[in-house]
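Scroll down for the structure; my scribbles are underneath it.
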2 protein chains.
Amino acid sequence: MADRNASRMRRSTTADQIKQLILTRDLKPGDLLPTEAELCETLGVSRSSVREAMRTLATLDIVEVRYGHGTFVGGMSLDPMVEALVFRGVLSPDGSMEALREVVEVRVALDLALAELVVERTHAGEADADALRALVAEMVQRAERGESFLEADRAFHTKLFAATGNRLAEQLVGAFWDVHTAVIPLLEIPMPDDIRQTAVAHGEMLDAALAGDVEAYRRAVVAHYGPLQRSLAAEASRR
Amino acid sequence: MADRNASRMRRSTTADQIKQLILTRDLKPGDLLPTEAELCETLGVSRSSVREAMRTLATLDIVEVRYGHGTFVGGMSLDPMVEALVFRGVLSPDGSMEALREVVEVRVALDLALAELVVERTHAGEADADALRALVAEMVQRAERGESFLEADRAFHTKLFAATGNRLAEQLVGAFWDVHTAVIPLLEIPMPDDIRQTAVAHGEMLDAALAGDVEAYRRAVVAHYGPLQRSLAAEASRR
DNA sequence: ATGGATTTGTCCGTATGTATG
DNA sequence: CCATACATACGGACAAATCCA
């Protein structure tokens, strides 16, 4: 742990200075930052150092660089974590199975743990019920035609969690969904045979949330992950 | 029109090439990477580009650079997310309260959702019970003297989750703990008045887990966050 | 629509601090 | 103490992308 502190102390000063500059000037996401040349003068370092600091902040989504235009304050999303976790997932052929299992386990945990909050707020009408219904309809329709419905699936989960008012939880759900779907095709796991069951389970989740029935919601969540977890278990036993 | 498409396809980042190199050479965490000069030749780019790519990968903890020694494959921890979340929490004085509330909410959710797994594995003797007992004793002892016990607190939570065999969950718990404790001092929230209660609640969590009592464990978790959540609520109403 | 100004992307060369043997 | 290998930092130059008059 002393090692952690030591490495944190050694961290590049320039990036911290730029972060401090964002704070002192009270810049908000989307605001324009000084040019690299200006930062060189302001901070008294070379352009290379500024560029590397910018690179660091850009990978953390603290700033967003637009070629030929300028650098802006970023949205501070969880995309960096997604990238790191996806890479960890593909790092070893065996490890990817394990990594996916862990991601799914955490996804289920988050969905179940925040169920009360989701149901409460959704029941109170703080969710965009129409949009959620439309997403469910689209998923069912696509499932009938044997198509996948990745975008609708992700949108459904994030929209549902948006009602909780907990942006961190909402971003986490989206991030783990991204990791999940990025790692899946790397394994040779067949699509869950019953994609239709997955689609309708989303509808059951929504209905339960709108009705304020926490237990029904939790059952729907479990059912929703059912096909996937069976695929995972089958694949795991095959090795 | 071909020009526009071509410009969009030009996403061949040096960082991705280095990641591919790690995969194709089957390098594992701790393995030594080629030097910057070698990568320049292999990838056909300049040192600056390699350096910036390395910087990107280093901030994601995909590689770890040791000054004057070399570059190694990193541990792919969640430290980048911690840094980003902490900065987001600091971004606006009002937002930090909200950010901390969200972090605590997610922490509680994770602790409660994975309670069954933690208790099951701990009860089965897969946890380092002696080390955990020692940590609890240290926390109680320090609390008696009015001291804080940050390191022991973090170690306790991560060690407990290590028993689940879910490294992602373990890292998430540690990461949110880091965000939590990094944001706290920035607010002017007084230390929870009853740090002793927090210390003994850890002991109750451990006892319940060792005894295999999930419900008692969950009650201890809630009690453990009690002082903090009261401080948060009091601070929120004060604004 | 064309050109000029601004800004980031890439490259090169050099010098310095650090760890290893 | 020296020699080697390495990462770090600096400054200048040109290319490429974007915006605006």
Side-chain angles (χ1 to χ4, degrees), chain A residues 2-3 5-22 25 27 29-75, chain B residues 1-22 25 27 29-75:
Chain A
D3 202 12
N5 289 339
S7 66
R8 187 159 293 192
M9 296 288 290
R10 285 202 73 101
R11 269 297 183 197
S12 59
T13 342
T14 307
D16 290 330
Q17 285 178 285
I18 296 176
K19 286 200 293 185
Q20 206 61 37
L21 186 137
I22 294 175
R25 300 195 182 180
L27 300 179
D31 287 353
L32 184 62
L33 266 72
T35 67
E36 294 179 350
E38 284 175 314
L39 286 174
C40 293
E41 279 194 41
T42 306
L43 305 180
V45 293
S46 75
R47 187 166 169 236
S48 301
S49 298
V50 169
R51 280 194 57 74
E52 291 199 349
M54 285 300 208
R55 193 79 158 200
T56 298
L57 298 178
T59 64
L60 293 176
D61 200 15
I62 287 177
V63 306
E64 179 185 351
V65 180
R66 266 181 276 185
Y67 196 179
H69 192 195
T71 305
F72 304 80
V73 179
Chain B
M1 47 180 154
D3 296 331
R4 294 177 188 171
N5 289 339
S7 65
R8 285 191 79 175
M9 289 178 61
R10 278 294 176 198
R11 282 295 178 183
S12 65
T13 59
T14 307
D16 289 332
Q17 289 179 281
I18 296 177
K19 286 201 291 184
Q20 278 303 319
L21 186 139
I22 294 176
R25 299 194 183 182
L27 300 178
D31 288 353
L32 182 62
L33 265 73
T35 67
E36 292 182 349
E38 283 176 308
L39 287 174
C40 293
E41 276 194 46
T42 306
L43 306 179
V45 293
S46 74
R47 280 192 190 85
S48 302
S49 297
V50 170
R51 280 193 58 71
E52 291 193 354
M54 285 300 206
R55 192 74 153 204
T56 297
L57 298 178
T59 65
L60 293 176
D61 201 14
I62 288 176
V63 307
E64 180 186 353
V65 292
R66 264 178 273 181
Y67 198 178
H69 192 197
T71 305
F72 304 80
V73 180

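Letters A, B, ... are given to chains in the order of the sequence lines, protein chains preceding strands, and every chain is numbered from 1.
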Quiz item: Across all strands shown, which nucleotide pairs with D/dC2 by Watson-Crick or G-U wobble geometry, both distances under 3.5 Å?
Solution: C/dG21

Exercise. Take the protein atom CG of B/Leu57 and the nucleotide atom P of D/dA7, then report the distance between them rounded to whole Å.
Key: 14 Å

Quiz item: Using a heavy-atom distance cut-off of less than 4.0 Å, which residues of residues 46-53 of chain B contact DNA chain C?
Solution: B/Ser46, B/Ser48, B/Ser49

Practice problem: Verify whether one side chain among A/Ser49 and A/Thr14 offers a donor that lies under 3.5 Å from an acceptor in the other. | Solution: no

Quiz item: Considering only D/dC10, D/dC19, C/dT8, which nucleotide approaches the side chain of A/Val45 most closely?
Solution: D/dC10

Quiz item: What pairs with B/Glu36 under side-chain contact (heavy atoms from CB on, under 4.5 Å), at least two apart in sequence or on another chain?
Solution: B/Val50, B/Arg51

Exercise. Return the nearest nucleotide to the side chain of B/Tyr67; candidates are D/dA7, D/dC19, C/dG9.
Key: D/dA7

Self-check item: A/Glu64 CD to C/dT8 C1', straight-line distance once rounded to whole Å
Solution: 14 Å

Quiz item: In whole angstrom, what separates A/Arg55's CZ from D/dT8's P?
Solution: 15 Å

Exercise. Using atom CE of A/Met54 as one end and atom C1' of D/dA9 as the other, report the distance to the nearest whole Å.
Key: 18 Å

Quiz item: Tell me: CD of A/Glu36 to C1' of D/dG11, nearest whole Å?
Solution: 14 Å

Practice problem: Please report, rounded to the nearest Å, how far the C1' atom of C/dT8 is from the CG atom of A/Leu33. | Solution: 14 Å

Exercise. Report yes if at least one side-chain N or O of A/Thr71 is closer than 4.0 Å to OP1 or OP2 of C/dT8; otherwise report no.
Key: yes

Self-check item: All side-chain contact (heavy atoms from CB on, under 4.5 Å) counterparts of A/Leu32, not counting sequence neighbours
Solution: A/Phe72

Quiz item: Under the salt bridge (charged side-chain N to carboxylate O under 4.0 Å, His left out) rule, what pairs show up with a residue in residues 55-75 of chain A, not counting sequence neighbours?
Solution: A/Arg55-B/Glu52

Quiz item: Hey, are the side chains of A/Ile18 and A/Leu43 touching, using non-hydrogen atoms and a 4.5 Å cut-off?
Solution: yes

Quiz prompt | Value in whole Å for how far the C1' atom of C/dT6 lies from CZ of A/Arg66 | solution = 15 Å

Quiz item: Partners of A/Thr42 by side-chain contact (heavy atoms from CB on, under 4.5 Å), sequence neighbours excluded?
Solution: A/Leu21

Quiz item: In whole Å, what is the span from the NE2 atom of B/His69 to the P atom of D/dT4?
Solution: 19 Å

Exercise. Taking side-chain contact (heavy atoms from CB on, under 4.5 Å) as the test, write out the residues that go with B/Glu38, two or more places apart.
Key: B/Pro34, B/Thr35

